[in-house]
Number of protein chains: 2
Amino acid sequence: MLSPDQLSQDVLIDSFKKIFPLSSQEREALISRFSERHIKRRGFILQQGDVCKHFTFIVSGCFKMYAIDQAGKEHNMQFAAEGEWISDLASFYSEKPSGVHIEAIEPAVILQIKHDDLLDLYIGYHRFDRHFRVIVETKYIELQNRVLQNISVTAEQRYLNFLDQFPELANRLPNTQIASYLGITPEFLSKIRKVLVHRP
Amino acid sequence: MLSPDQLSQDVLIDSFKKIFPLSSQEREALISRFSERHIKRRGFILQQGDVCKHFTFIVSGCFKMYAIDQAGKEHNMQFAAEGEWISDLASFYSEKPSGVHIEAIEPAVILQIKHDDLLDLYIGYHRFDRHFRVIVETKYIELQNRVLQNISVTAEQRYLNFLDQFPELANRLPNTQIASYLGITPEFLSKIRKVLVHRP
DNA sequence: CCATAACCTTAAAGTAGTTTAAGAGCGTTT
DNA sequence: AAACGCTCTTAAACTACTTTAAGGTTATGG
């Protein structure tokens, strides 16, 4: 747990600037409330049963959020890489135990703000209400698209759309993780890939 | 297009009060920017190809939001009934043509605020940034649950969860609409229901 | 109050996705 | 160098879900 170094700060500030410019006062208020952490591959920043106490900004690396079913199987709800936010909002705002894990797929550097510090920020600098409104709206729109795909298209098309939407992630992730995200078995994804090679 | 009548106003204000209290000034600013409309069954408040120009609060009645695929089939992305908000956020904020329809399943009374009036409201009364942040966060959490179900459980379990989560809606909606929401055919839902009757 | 469109169900045949099992390739750990 | 775990693939048998078609029932709009 360190104060953010200059490089990490820049990545965070840049991401905010894409939504609205910040005054130097706002920037200072923002940075001073975040702390930096380095996470190993397979390290957790949230485990099922714990309360999600931080909102996390990813400076580098990649995470998955997943739930485990009664049969012990993992189901990937989302991936998040550098420049993105990740948190279990349901647990974060309700302060109740989370139903999901958030785990590093690659070694990562993150910036975290605690629940109470974020609420402080909202109260002291109302501009941040807007920033986080826009962040959540963006994520909501993404999710809505995903729901539509899940109920309307085949696994093959979902896979193609995934490649199209996240070409970079598709290279970094093992296919087992992608299958879990798509809601199919790794075996079936393998079958799909085979068909696609012979009919591109 | 009328000014909101007293009853509709009360429903709207009550919904805001659940998040944070409003000053009488804020209440006035809010109400004065909404207009009331009465929508017939099967009436549209948004059609694919049009820009979504309003954020809609439902005073009474029920809507579905759906997309139509290449084969001409409808896929229900969400239902919304009295006390809830509905809008195609992607189109609303980007001001680009929408990919979805929003249609009344029952005759409805709604309150609508225009895009620019909402932005005005955000600027003049920053409290509303927070209100709408919370509204979207709530919807996001709901969607995230739905994604998890879509990738992890069978259609039967999804149906049972739907009955559990929206018992009231389940009574009001025809099964064809529910099937479309669950991502299955009406025929298969019928099969599931038959099995459930013989094994409750 | 009649016509028609929307809704629900059944069943048979077909397709999409899972399960189980087995083996091969690769990178890490001991 | 051996042993291990993780990933990817193949294939056969199985289950979940769709398609097509048909018939009966209920709403509702004209």
Side-chain angles (χ1 to χ4, degrees), chain A residues 40-43 62 64 66 69-76 79 103-107 149-163 169-199, chain B residues 38-43 61-62 64 66 68-76 79 101 103-108 149-163 169-199:
Chain A
K40 288 193 272 198
R41 192 172 124 89
R42 274 162 227 269
C62 180
K64 61 178 173 178
Y66 61 93
D69 65 18
Q70 308 89 325
K73 279 183 200 140
E74 295 182 7
H75 300 278
N76 286 343
F79 300 116
E103 181 185 331
I105 299 180
E106 302 169 354
Q149 287 201 24
N150 281 332
I151 63 174
S152 67
V153 310
T154 62
E156 177 178 320
Q157 195 54 54
R158 251 146 55 215
Y159 177 59
L160 290 170
N161 293 158
F162 179 84
L163 294 183
L169 268 185
N171 284 325
R172 284 160 76 176
L173 297 173
N175 288 328
T176 46
Q177 296 301 322
I178 297 176
S180 169
Y181 177 90
L182 297 175
I184 60 177
T185 60
E187 290 84 357
F188 190 51
L189 178 54
S190 183
K191 218 165 174 175
I192 290 172
R193 286 160 52 81
K194 188 181 167 191
V195 170
L196 289 175
V197 168
H198 294 293
R199 186 237 312 149
Chain B
H38 293 237
I39 312 287
K40 287 192 272 197
R41 194 173 124 88
R42 276 162 226 268
C62 181
K64 61 178 172 178
Y66 61 94
I68 298 188
D69 66 19
Q70 307 90 323
K73 278 183 200 141
E74 295 182 8
H75 300 277
N76 286 343
F79 301 116
H101 297 268
E103 181 185 332
I105 299 180
E106 302 169 354
Q149 287 202 24
N150 281 332
I151 64 176
S152 67
V153 310
T154 62
E156 178 179 320
Q157 195 55 53
R158 252 146 54 218
Y159 177 59
L160 289 171
N161 292 157
F162 179 83
L163 294 183
L169 270 185
N171 284 325
R172 283 160 76 175
L173 297 172
N175 287 328
T176 44
Q177 296 301 324
I178 296 175
S180 169
Y181 177 91
L182 296 175
I184 61 177
T185 59
E187 290 84 357
F188 190 53
L189 178 55
S190 185
K191 215 166 179 173
I192 289 172
R193 286 161 51 80
K194 189 181 166 191
V195 170
L196 289 175
V197 169
H198 294 294
R199 184 235 316 146

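Below, chain A is the first sequence line, B the second, and so on; all start at residue 1.
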(message) Given 3.5 Å as the limit, does a donor-acceptor pair link the side chain of A/Asn76 with the main chain of A/Gln177, or not?
(response)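 Here the side-chain-to-backbone pair exists.
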Starting from [atom2] on [N], measure out to [atom1] on [X] and report it in whole angstrom.
| X | N | atom1 | atom2 | answer |
| --- | --- | --- | --- | --- |
| A/Lys64 | D/dC6 | NZ | C1' | 12 Å |
| B/Leu173 | C/dC7 | CG | P | 11 Å |
| A/Asn171 | D/dC8 | CG | P | 12 Å |
| B/Asn175 | C/dC8 | CG | P | 5 Å |
| B/Ile192 | D/dC17 | CD1 | P | 6 Å |
| B/Arg172 | C/dA6 | CZ | C1' | 19 Å |
| A/Arg41 | C/dT28 | CZ | C1' | 10 Å |
| B/His75 | D/dT18 | NE2 | P | 11 Å |

(message) For the CZ atom on A/Arg172, are there more than 12 heavy atoms of other groups (residues, nucleotides or ligands in this structure) within a distance under 6.0 Å?
(response)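 Yes, CZ of A/Arg172 has more than 12 neighbouring heavy atoms, counting only those of other groups under 6.0 Å.
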(request) Could you check whether A/Thr176 gets within reach of a base, just the sugar-phosphate, or nothing at all, counting any heavy atom under 4.0 Å? (result)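 A/Thr176: backbone/sugar contact only, no base atoms under 4.0 Å.
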(request) Taking the side chain as every heavy atom from C-beta outward, state whether B/Ile184 and B/Arg158 have any atom pair closer than 4.5 Å. (result)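 B/Ile184 vs B/Arg158: side chains touch.
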(message) Within the 4.5 Å heavy-atom criterion, are B/Tyr66 and B/His75 side-chain neighbours or not?
(response)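 The answer is no; the side chains never approach within 4.5 Å.
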(message) Both B/Arg42 and A/Phe188 contact DNA chain C. Taking the nearest nucleotide for each, which residue is further toward the 5' end?
(response)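 Between the two, 5'-proximity favours B/Arg42.
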(request) Quick one: sort the B/Phe79 and B/Tyr181 rings into parallel, tilted or perpendicular, breaks at 30° and 60°. (result)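 Parallel, since the angle between the ring planes stays under 30°.
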Can you identify which nucleotide, out of [options], has its nearest atom closest to the [X] side chain?
| X | options | value |
| --- | --- | --- |
| A/Arg193 | C/dG17, D/dA11, D/dT9 | D/dT9 |
| A/Glu187 | D/dT10, D/dT18, C/dG17 | D/dT10 |
| B/Lys73 | D/dT19, D/dA11, C/dG17 | D/dT19 |

(request) Specify the residue among A/Lys194 and B/Thr185 whose closest nucleotide of DNA chain D lies further upstream toward the 5′ end. (result)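 The answer here is A/Lys194.
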